[in-house]
Asks: 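Before I ask anything, here is the structure I am working with.
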2 protein chains.
Amino acid sequence: MSTHVTDHALGQSRYGKLAQALRDRILQGEWGPGEPIPAESALAQSYGVALGTIRQALALLVEDGVLQRRHGKGTFVTTGVDGASMMRFFRFRGPDEASSRTPASRILSSRLRSASVQECHAFQLAPGAQVLQLERLRSLNAEPCLLESIVLPLPLFGPLADSDSQTWDDLLYPMYQQRCGVVIQKTQDTLSFSQLNATQAKRLKLAVAHPCVLVERQAFDIAGRCVELRTTRGDAYSFKYTAQVQ
Amino acid sequence: MSTHVTDHALGQSRYGKLAQALRDRILQGEWGPGEPIPAESALAQSYGVALGTIRQALALLVEDGVLQRRHGKGTFVTTGVDGASMMRFFRFRGPDEASSRTPASRILSSRLRSASVQECHAFQLAPGAQVLQLERLRSLNAEPCLLESIVLPLPLFGPLADSDSQTWDDLLYPMYQQRCGVVIQKTQDTLSFSQLNATQAKRLKLAVAHPCVLVERQAFDIAGRCVELRTTRGDAYSFKYTAQVQ
DNA sequence: GAGTGGTCTAGACCACGAC
DNA sequence: TCGTGGTCTAGACCACTCT
């Protein structure tokens with residue numbers, strides 16, 4: 001019976017604890033993004049539990065987006081959100097068709113500064129810690145479409161602060177992984193409506209006070225830490241998003 | 001082995017077929033909204049399968065929103081989407097706080113007409129079939145906030161066409177269930193931006209060409225049929241929506 | 001053919017909720 | 001106390017993928 005009390009003291013079922021244990025091993029880098037973890041049967045044997053119990057643990061991590069299962073091949077650590085996820089909120093129509101490609105990226109500015117109180121809270125940083133702030137313009141068919149302000153905590157993103165932004169990729173999230181070892185696992189985006197100020201309008205080649213959609217994003221890594229704050233503005237008339245309820 | 005071939009011919013696993021069988025029984029009204037279905041053990045026995053297999057079937061229907069499980073009580077047929085689901089896209093701030101109540105509803109017009117080609121397709125109606133079209137204004141604190149155009153297929157919604165719209169409830173979906181036996185199980189909402197025309201602006205007490213959010217909704221019943229088409233307009237500055245990615 | 005995840009069985013016991 | 005869903009076991013066999 002003491003086993004059961006212990007289970008309960010830890011606040012979860014056996015498969016819940018197994019899921020936590022496996023998650024910890026993934027976070028510690030025992031298996032990297034895109035790599036397979038051991039087979040169900042091997043895990044069940046090594047933890048001394050039934051197959052069904054391990055399967056429930058894996059199901060939790062799959063639902064959470066940490067693992068992906070492929071029938072006949074194995075169970076793999078996620079490679080994270082791809083860098084084009086902002087495009088799900090917009091449908092830009094260029095002069096030609098098939099403009100649903102990945103936008104080109106141009107870094108307008110990059111600087112270090114002290115984190116605000118809000119940023120310290122979001123990133124769990126000590127007061128006065130440094131962050132990297134980027135301004136970025138994304139274009140389709142040489143036409144500007146999205147203007148972004150991105151804040152990244154240091155020292156996690158130090159490799160980016162030390163490199164030339166002209167050499168950066170069009171997609172940031174895969175680059176975060178390659179250069180800083182940061183895997184973006186999920187984002188939370190809050191959408192609202194606003195108007196462009198003079199600077200923003202000029203960069204997007206739109207009129208001052210043109211209506212825009214404001215996307216305020218928090219991006220989280222595989223450990224659930226917030227590792228990016230991003231504000232994106234785009235033409236309100238190019239906004240199109242479909243939501244399922246229930 | 002022929003059993004297996006049959007299984008495969010029907011294109012799914014045993015628990016998949018069980019889920020379909022149970023869904024059919026629910027659609028036929030064997031158990032109404034909010035009512036419990038038989039216990040897992042009883043279902044397993046009556047279908048001659050193991051408990052785990054029935055549990056997988058039920059899990060499918062739970063994921064689909066058709067069933068809800070309550071530990072210690074039973075498994076229940078869903079009561080559907082509540083009628084305030086449109087409010088998830090807006091945050092109206094009235095003069096006082098705590099304005100997150102359900103908006104009051106006023107039916108501006110109600111008329112029968114022939115369905116358009118698109119409506120016939122969405123509702124699976126024969127060409128020239130009749131639909132009920134409603135215009136509706138929703139208000140918080142006596143201030144208009146949402147303007148809606150709603151199209152409902154006949155004869156399904158005949159009871160509404162025959163009744164006085166002054167007696168209708170503020171929430172339509174529960175009323176659909178009570179008066180027409182229609183349970184709204186899920187909706188698909190496509191969001192975009194537009195501007196108010198003169199009529200719309202007057203009804204929402206806003207300026208002509210004021211920016212608005214356009215929500216184009218398809219609502220589906222428990223059988224997966226589209227049973228409502230709705231277009232909702234609201235002040236773009238009251239738009240606020242949070243989406244999770246991955 | 002070997003190894004992976006997917007399906008299925010026939011039990012046991014636990015935790016929750018109502019009477 | 002009883003009936004419900006939730007957890008767990010120790011197997012068996014099937015389906016997919018690669019070599």
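Chain letters run A, B, ... following the sequence lines, proteins first, then strands; residues in each count from 1.
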Asks: Measure from NZ or CZ of B/Arg225 to the centre of the six-membered ring of B/Phe123, then state whether that distance is under 6.0 Å and the direction lies within 45° of the axis.
Replies: no
Asks: Consider the side chain of A/Val49, meaning its heavy atoms from C-beta on, and name the nucleotide among D/dT9, D/dT7, D/dG6 that approaches it most closely.
Replies: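 Ranking D/dT9, D/dT7, D/dG6 by closest atom to the A/Val49 side chain puts D/dT9 first.
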Asks: Taking only side-chain N and O atoms of B/Arg69, does any of them lie within less than 4.0 angstrom of OP1 or OP2 on D/dG6?
Replies: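 For D/dG6, OP1/OP2 do have a side-chain N/O of B/Arg69 under 4.0 Å.
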Asks: Please determine if a side-chain N or O atom of B/Arg55 lies less than 4.0 Å away from the OP1 or OP2 oxygen of D/dG6.
Replies: yes
Asks: Between the protein and nucleotides 17-19 of chain C, list every N/O to N/O distance that falls short of 3.5 Å.
Replies:
residue : atom : partner : partner atom : Å
C/dA18  : OP1  : B/Lys73 : NZ           : 3.4

Asks: For A/Thr53 and D/dT7, is the shortest distance between a side-chain N/O and OP1 or OP2 below 4.0 Å?
Replies: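 No, A/Thr53 has no side-chain N/O under 4.0 Å of OP1/OP2 on D/dT7.
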Asks: Does a donor on one side chain and an acceptor on the other come within less than 3.5 Å for A/Arg217 and A/Ser85?
Replies: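 Yes, a side-chain donor-acceptor pair sits under 3.5 Å.
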Asks: Can you measure A/Leu51 atom CG to D/dT7 atom P for me and round it to whole angstrom units?
Replies: 18 Å
Asks: Taking only residues at least two apart or on different chains, which pairs with a member in residues 152-164 of chain A satisfy side-chain hydrogen bond (donor to acceptor under 3.5 Å, both in side chains)?
Replies: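 Qualifying pairs, neighbours excluded: A/Ser163-A/Trp168, A/Ser163-A/Arg179.
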Asks: Just verifying a value: how many Å separate A/Phe89 CZ and B/Tyr241 OH, rounded to the nearest 0.5 Å?
Replies: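 Reported to 0.5 Å precision, the distance equals 8.5 Å.
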Asks: Please give, in whole Å, the distance from C/dG6 P to A/Ile54 CD1?
Replies: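 Going from A/Ile54 (CD1) to C/dG6 (P), I get 14 Å.
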Asks: When the distance from CG of A/Leu58 to P of C/dG5 is rounded to whole Å, what number comes out?
Replies: 8 Å
Asks: In Å and rounded to the nearest 0.5 Å, what is the CD1 to CG distance from B/Ile37 to B/Leu58?
Replies: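 That separation rounds to 5.0 Å.
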Asks: For A/Leu60 and D/dC8, what is the distance between atoms CG and P respectively, to the nearest whole Å?
Replies: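 Distance check: A/Leu60 CG to D/dC8 P gives 10 Å.
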Asks: Please tell me if B/Tyr15 has a side-chain N or O lying less than 4.0 Å from either OP1 or OP2 of C/dT7.
Replies: yes
Asks: Kindly say if A/Thr75 contacts the phosphate of C/dG5, meaning a side-chain N or O under 4.0 Å from OP1 or OP2.
Replies: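 It does, given that an N or O in the side chain of A/Thr75 lies less than 4.0 Å from OP1 or OP2 of C/dG5.
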Asks: As a test of reading the structure: which of D/dT7, C/dG6, C/dT9 is closest to the side chain of A/Gln56, going by heavy atoms?
Replies: D/dT7
Asks: Without decimals, in angstroms, what is the distance between B/Leu67 CG and D/dG6 P?
Replies: 12 Å
Asks: Applying side-chain contact (heavy atoms from CB on, under 4.5 Å), run through B/Thr187 and B/Gln218 and close with a yes or a no.
Replies: CA-CA 6 Å; B/Thr187 70; B/Gln218 294 181 287; over 6 Å; no
Asks: Per the side chain to side chain contact (heavy atoms under 4.5 Å, CB included) rule, which among A/Leu134, A/Leu152, A/Val151 passes with A/Phe157?
Replies: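 Running side chain to side chain contact (heavy atoms under 4.5 Å, CB included) over A/Leu134, A/Leu152, A/Val151 with A/Phe157 returns exactly one hit, A/Leu152.
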Asks: Does A/Arg14 place a side-chain N or O at less than 4.0 Å from the phosphate oxygens OP1/OP2 of D/dT9?
Replies: yes
Asks: Measure from CG on B/Leu18 to C1' on C/dT9 and round the result to the nearest Å.
Replies: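 In whole Å, C/dT9 C1' and B/Leu18 CG are 14 Å from each other.
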